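Since this is a predicted model, take the numbers as computed values, not measurements. Every chain is numbered from 1, with letters handed out A, B, ... down the list of sequences.
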Amino acid sequence: MAVILKTVGLNKVYRLGSFFRAKRIQALDNVNITVESDRPVIIAVVGESGSGKTTLAKTLLRLEVPTSGSAVVYDKEVAGAGSRPSRREFLKSIQPIFQNPFEAFSRYRNVDAYLHETAIRVAGLSAPDARDAVAHALSSVGLEYNDVVGKYTNQFSGGELQRISVARALIPEPSLIVADEPVSMIDASRRMIIINLFRKLRDEEGRSFLYITHDLATAYYISDFIAVMKKGQVVEFGKAQAVMSDPQHEYTRLLLNSIPTTRQRWRPRNVAPATLN
Amino acid sequence: MIELNDIVVSYRTERGSINAVDGVNLEIPDGCIVGIAGESGCGKSTLMRAIYGDILSPMSLSSGTIEYGFNDRNGEPVTSENVRNEWFRTLSYIPQSSMNSMNPVIRIREQFIDFPGTDPNKKRVLEQVREYIGKLGLPVEALDSFPHQLSGGMRQRMMIALATFFQPNLIIADEPTTALDVVVQKEILLLLMELQEQMGNTILIVSHDMGVHYQVTHKMLIMYAAKAAEYGDSDSVFDEPLHPYTKMLIGSLPTIGEDRARHGIPGSPPSLWGDLQGCRFAERCPLATGLCRSQEPPLVEHKPGHFAACHFAGADLPDTGGAGWQ
Ligand SMILES: Nc1ncnc2c1ncn2[C@@H]1O[C@H](COP(=O)(O)OP(=O)(O)O)[C@@H](O)[C@H]1O
Ligand SMILES: Nc1ncnc2c1ncn2[C@@H]1O[C@H](COP(=O)(O)OP(=O)(O)O)[C@@H](O)[C@H]1O
Ligand SMILES: [Mg+2]
Ligand SMILES: [Mg+2]
C-alpha cells in the first residue's frame with residue numbers, strides 16, 4: 001500500500017514580537033497521522049479557526065518549514081530534514097487550491113494565462129501540448145476551453161472561478177491536491193458542484209485530496225479519512241464514517257453537536273404568540 | 001405586525017439604477033423569528049437596511065411603504081421618516097461583524113451609555129447595564145474592554161446585549177454568526193432565541209445556512225434575484241417547500257449520517273441589469289416552461305400562511321438521481 005500522507009512529530013512554532021518579549025504560538029503540536037491506501041482518498045481536516053489547519057497545509061506545500069518533524073506524501077518526504085524532491089518535481093506531485101479564487105488570479109490577466117503557465121513551467125509541456133492539457137483539465141471540471149480563454153476574473157462567478165482553480169491544479173497531474181477551505185467563499189447552493197467534482201476526480205482520475213474545511217457535513221459527505229484539529233493538535237483521526245458516527249474525543253462530539261442540521265432541533269422552539277390561532 | 005407594501009429599493013450607479021429589492025409584499029406577525037435566505041446578491045442585506053431605515057445614497061426606497069406597527073417613545077407610530085431616531089430603542093441591528101459597528105476607541109460599557117437619550121445619571125445606567133450583562137450570563141469584566149480586546153464570539157455577544165438592552169420591538173440580525181465557529185455560533189443562537197422568548201419581540205435573521213434557519217426561525221422568507229420566492233411558517237417551508245428553488249436549496253445540503261447524493265444548483269441568478277422577463281428562476285429551473293419565461297408568477301397564498309411565486313408551486317421536481325452513491 002502507498003503511504004499517501006504521513007506526518008511524524010510535526011511541530012510548527014511561530015514567534016511573534018521582539019527577541020526579548022517573544023510570544024510563541026504552537027500552530028502545529030506533534031501532529032502524527034498516517035494514511036495508507038491503494039486507492040486515492042479524500043482526507044478531511046476540520047477544526048475551529050486558529051486550530052492549525054492552514055499551517056498543516058502550508059507545511060505540506062512547502063510554504064512553511066516545520067520547526068521539527070517530517071511529512072511524507074506518496075512515499076516522498078516533502079517536509080523535514082530528509083532529502084527532498086526538486087521544486088518542480090514537488091509541484092508535479094502536490095498542487096494547492098486556495099480559499100478565495102478571486103485572490104488566486106489577478107484581475108488584470110486572462111485567467112487561462114495561469115493555466116498555460118502551469119502547463120509549461122510546472123508540467124514541462126510544449127506549447128501545443130499545453131493547450132491540450134489546459135483544454136482537458138477544463139473539461140474535467142465541466143468547462144469549455146473556448147468559454148474560458150481570453151476572459152478575466154470579473155467575467156466569472158466565484159464558483160466558476162474555483163472550478164478554474166481546480167482545473168489549474170489538475171494540469172501537472174498531481175497525486176495530491178491540497179484544498180484549503182475551497183468552498184467557504186462559494187454560495188451554499190453551488191458548493192456541492194465543487195464537492196462532487198472532488199469525488200469525481202478521486203474516482204475517475206485518481207487524485208487524492210486534503211480537504212480543509214470547517215464544514216463537517218461536506219467533510220462527512222466526501223471524505224474517506226478525517227482529522228479533527230484543536231489548538232494545533234490532531235485530537236481525533238480515523239475513517240470518516242467511524243469518526244462521525246462514533247466520535248471518541250469530547251471535542252469531536254462538541255463539534256458534531258453544534259452543527260445546525262435540518263433534522264433535529266437543539267431545543268423545542270417556543271411557539272410565536274402570533275402563530276397561535 | 002410589520003407590513004411591507006410593494007417596496008422597491010434601488011441603487012443609483014454610473015450605469016443607471018438597479019432594483020436590489022423589487023416589489024416585496026410581506027406581513028410579518030409580531031413576536032416571531034423570521035429567517036431570510038437566498039444566494040448572495042439576492043437582496044437580503046438591502047431589504048434589512050431598508051427596514052432598519054439605514055437608507056443612504058446610493059440606496060433609496062424608490063417606491064412602496066413600510067409600516068412598523070409599533071410606536072416610538074412619544075407614542076407616535078414609527079415610520080420610514082422617523083425610524084432612525086428609534087435605533088437601539090424600539091429597533092436594533094446586529095451585523096455580521098460587530099467590529100465595524102462598535103466604536104473602536106471606547107470601552108464596551110461606554111457604548112451602552114452613549115445611547116441617545118439615555119438616563120443622564122450615568123452611574124445608574126451603568127448599574128443597569130452590569131445587571132443586564134450578568135443576567136445574560138456574560139462576564140461583567142468584558143464591559144471594561146475595548147472591542148478589539150474581545151474574541152469575535154464575545155464581541156458578538158456584547159453586540160446582542162447592546163441590541164437587546166432596551167427590549168426593542170424589532171431586532172434585525174444580518175448574518176450574525178457567519179464569521180464564527182460552530183460551537184460559538186450555537187451558543188449565540190441559543191442566547192438570541194432565549195431573549196426573543198422572554199421579550200416576545202420580532203427578530204429578522206439573515207443567514208445563508210438553512211440549518212441555522214431550521215434551528216431558529218418560526219417563519220421563512222426565501223429571496224431570489226430581488227424578489228420574494230417563498231414565505232411561510234418554517235415547518236411548512238422545510239417540510240413541504242412549494243418553490244423549486246427552495247426545494248433545491250434544502251435538498252442541496254448534505255447531512256451527517258445520510259449517504260444520499262446531493263446536487264448544487266447549476267447556473268447563476270440573472271443580472272439585475274438585464275431584461276427581467278418572466279420568472280427570474282426559470283433559467284435554472286427544471287420545471288420551467290414557456291409560460292415561466294414570459295409571465296412573472298405573483299406571490300400567491302397556496303396554503304394558509306404559505307406563499308410562493310411559482311406557476312408550478314408544489315409540483316415534484318424530476319428525480320436527479322438521488323440514489324446512494326457509496
Ligand atoms: N505567519 C504566522 N505568524 C504568526 N502566527 C501565525 C501565522 N500563521 C498562523 N499563525 C497562528 O497559528 C495558529 C494556527 O493558524 P492557522 O494554521 O491559520 O489555523 P486555521 O487554518 O485552522 O484557522 C493561529 O493561532 C494563528 O494565529
Ligand atoms: N452600494 C451599492 N451600489 C450598487 N449596487 C449595490 C450596492 N450594494 C449592493 N448592491 C447590489 O444589490 C444587490 C443586492 O445586494 P445585497 O442586498 O447586499 O445582497 P445579499 O445581502 O443578499 O447578498 C447585489 O446585486 C449588489 O451587487
Ligand atoms: Mg485557515
Ligand atoms: Mg448580505
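- Interface remark: of the candidates B:Val184, B:Ile250, B:Thr255, B:Thr202, B:Thr255 forms the most heavy-atom pairs closer than 4.5 Å to chain A.
- Atom CD of B:Glu3 has more than 12 heavy atoms from other residues, nucleotides or ligands within 6.0 Å.
- A search for ring-ring contact (aromatic ring centres under 6.0 Å, His included) contacts involving A:Phe105 returns A:Tyr114, not counting sequence neighbours.
- Heavy-atom neighbours of A:Lys231 NZ from other residues, nucleotides or ligands within 6.0 Å: at or below the threshold of 12.
- When heavy atoms are compared at a cutoff of 4.5 Å, B:Ile265 approaches chain A by way of both its backbone and its side chain.
- Ranked by heavy-atom pairs shorter than 4.5 Å toward chain A, the options B:Ser234, B:Gly257, B:Gly267, B:Gly251 are led by B:Gly257.
- Heavy atoms of B:Glu187 lying under 4.5 Å from chain A are absent altogether.
- Only the side chain of B:Leu253 has a heavy atom closer than 4.5 Å to any heavy atom of chain A.
- Around CD of A:Glu250, the count of heavy atoms belonging to other residues, nucleotides or ligands within 6.0 Å does not exceed 12.
- A:Arg163 is linked by a salt bridge (charged side-chain N to carboxylate O under 4.0 Å, His left out) to nothing, counting only residues two or more places apart in sequence or in another chain.
- Proximity to chain B at a heavy-atom threshold of 4.5 Å picks out A:Asp187, A:Ala188, A:Ser189, A:Arg190, A:Arg191, A:Met192, A:Ile193, A:Asn196 from residues 183-196 of chain A, in numerical order.
- Contact of B:Leu189 with chain A is made through the side chain alone, with heavy-atom distances under 4.5 Å.
- Only the backbone of A:Gln264 comes within less than 4.5 Å of a heavy atom of chain B; no side-chain atom from C-beta onward does.
- A salt bridge does not link B:Asp181 to A:Lys230: none of the charged nitrogens lies less than 4.0 Å from a carboxylate oxygen.
- To the nearest 0.5 Å, atoms CZ (B:Arg262) and CD1 (A:Ile222) are separated by 14.5 Å.
- Proximity to chain A among residues 220-232 of chain B is not found for any residue, judged by heavy-atom separations below 4.5 angstrom.
- Around CD of B:Gln167, the count of heavy atoms belonging to other residues, nucleotides or ligands within 6.0 Å does not exceed 12.
- Crowding of A:Arg253 atom CZ: a count of heavy atoms from other residues, nucleotides or ligands under 6.0 Å exceeding 12.
- Within a 6.0 Å sphere centred on NZ of A:Lys151, other residues, nucleotides and ligands contribute more than 12 heavy atoms.
- Among all heavy-atom pairs drawn from B:Leu190 and A:Arg267, the shortest one is CD2-CD, 3.8 Å.
- Residues A:Thr262 and B:Phe238 come closest through the heavy atom pair CG2-CE2, 3.8 Å.
- Interface remark: of the candidates B:Glu39, B:Met1, B:Lys186, B:Lys186 forms the most heavy-atom pairs closer than 4.5 Å to chain A.
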Q.
Could you go through A:Thr261 and B:Ile256, starting from their C-alpha distance and side-chain angles, then the distance that decides it, and tell me whether this counts as side-chain contact (heavy atoms from CB on, under 4.5 Å)?
A. CA-CA 9 Å; A:Thr261 68; B:Ile256 291 174; over 6 Å; no
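- There is no contact between B:Pro304 and chain A, counting heavy-atom distances below 4.5 Å.
- For B:Asp209 against A:Pro260, the heavy-atom pair with the smallest separation is OD2-CG, 3.8 Å.
- The two residues A:Arg263 and B:Tyr214 have their closest heavy-atom pair at O-OH, 3.6 Å.
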